[in-house]
Amino acid sequence: MTAPTENAEDFAAAMPTRGALLGIDPGERTIGIAICDAGWRIASPLLGLKKAKFKENGPAIAKLCADNKVAGIVIGLPLNMDGTAGPKAQAARAFARNLTGVVELPILLWDERLSTVAVTRVMIEADTSRKKRAEIVDKVAAAYILQGALDRLSSLS
């Protein structure tokens with residue numbers, strides 16, 4: 001069981017082989033989940049998982065990892081604008097630590113400042129209804145987070 005890292009180089013080095021990555025945006029009510037192809041090119045929204053106790057969410061995420069042959073996980077780390085870690089960042093780090101107890105995969109904590117804001121802005125510009133935005137914002141934010149990490153990881157190879 002490897003500790004989660006905030007360093008993309010360490011994460012890439014911990015990967016036994018390339019494979020699909022799961023992106024997670026641990027929101028307050030919904031855990032947004034995205035996935036990418038094994039070549040680490042494109043992140044796509046997968047689903048929004050209703051947030052519950054970790055003993056319920058953890059095994060559900062582990063099953064998603066097994067079903068999709070996931071090789072690593074990227075979790076959004078909501079740092080404050082000045083780069084400090086507030087309560088939400090501490091919660092994301094705790095979520096990542098808990099996840100190491102149910103999956104034996106490398107975990108990258110990825111700075112996701114303003115990801116939900118950016119995704120919401122794009123959806124408003126696309127004239128997406130408020131109801132539809134509420135249904136999909138977390139999984140789209142997870143894809144946005146995962147794509148940011150993919151772009152960084154691709155520059156390492």
**Prompt:** Would Glu112 and Lys88 pass as an ion pair if we require N to O under 4.0 Å?
**Reply:** no

**Asked** Taking all non-hydrogen atoms of both residues, which atom of Ala149 and which atom of Val74 are closest, and how far apart?
**Response** CB-CG1, 3.8 Å

**Message:** Working to the nearest 0.5 angstrom, can you tell me the gap between Leu77 CG and Leu108 CG?
**Reply:** 9.5 Å

**Message:** Using side-chain heavy atoms (C-beta onward) and a distance below 4.5 Å, is Val103 in contact with Val70?
**Reply:** no

**For Ala43 against Ala143, the heavy-atom pair lying closest together** = CB-O, 3.4 Å

**Asked** Quick one: does Asp138's side chain get under 4.5 Å of Arg29's, heavy atoms only?
**Response** no

**Asked** Can you find a pair of side-chain heavy atoms, one from Ile24 and one from Leu99, that are under 4.5 Å apart?
**Response** yes

**Prompt:** What's the spacing between Leu79 CG and Thr84 OG1 if we round to 0.5 Å?
**Reply:** 7.5 Å

**Item:** Residue pairs passing the side chain to side chain donor-acceptor pair (under 3.5 Å) test where at least one lies in residues 53-73, sequence neighbours excluded
**Value:** Lys63-Asp67

**Message:** Test your reading of the model: is there a side-chain donor-acceptor pair from Asp37 to the backbone of Ile42, 3.5 Å cut-off?
**Reply:** yes

**Prompt:** Among side-chain atoms of Asn7 and Thr5, is any donor-acceptor pair under 3.5 angstrom?
**Reply:** no

**Exercise: do Arg97 and Thr100 side chains pair donor with acceptor under 3.5 Å** = no

**Where Ala142 and Ala34 come nearest, the two heavy atoms and their spacing** = C-CB, 3.6 Å

**Message:** Could you tell me if the side chain of Phe54 sits less than 4.5 Å from the side chain of Val102, heavy atoms only?
**Reply:** yes

**Request:** Provide the closest heavy-atom pair for Ala8 versus Trp110 in the form atom of the first, atom of the second, distance.
**Result:** CB-CZ3, 4.4 Å

Please tabulate, for side-chain N and O atoms in residues 44-51, each donor-acceptor pair with protein atoms closer than 3.5 Å (sequence neighbours left out).
| residue | atom | partner | partner atom | Å |
| --- | --- | --- | --- | --- |
| Lys51 | NZ | Gly27 | O | 3.0 |

**Item:** Heavy-atom pair of closest approach, residues Ala96 and Leu109
**Value:** CB-CD2, 3.9 Å

**Prompt:** Any side-chain heavy atom of Phe11 within less than 4.5 Å of one from Arg152?
**Reply:** no

**Item:** Pairwise side-chain contact, Ile75 with Pro4, heavy-atom cut-off 4.5 Å (strictly under)
**Value:** no

**Prompt:** Atom CD1 of Ile73 and atom CD1 of Ile107: how far apart are they, to the nearest 0.5 Å?
**Reply:** 5.0 Å

**Request:** Write down the atom of Leu21, the atom of Ala71, and the distance for their closest heavy-atom approach.
**Result:** CD2-C, 4.4 Å

**Request:** Could I get the full list of side chain to side chain donor-acceptor pair (under 3.5 Å) partners for Asp151, not counting sequence neighbours?
**Result:** Gln147

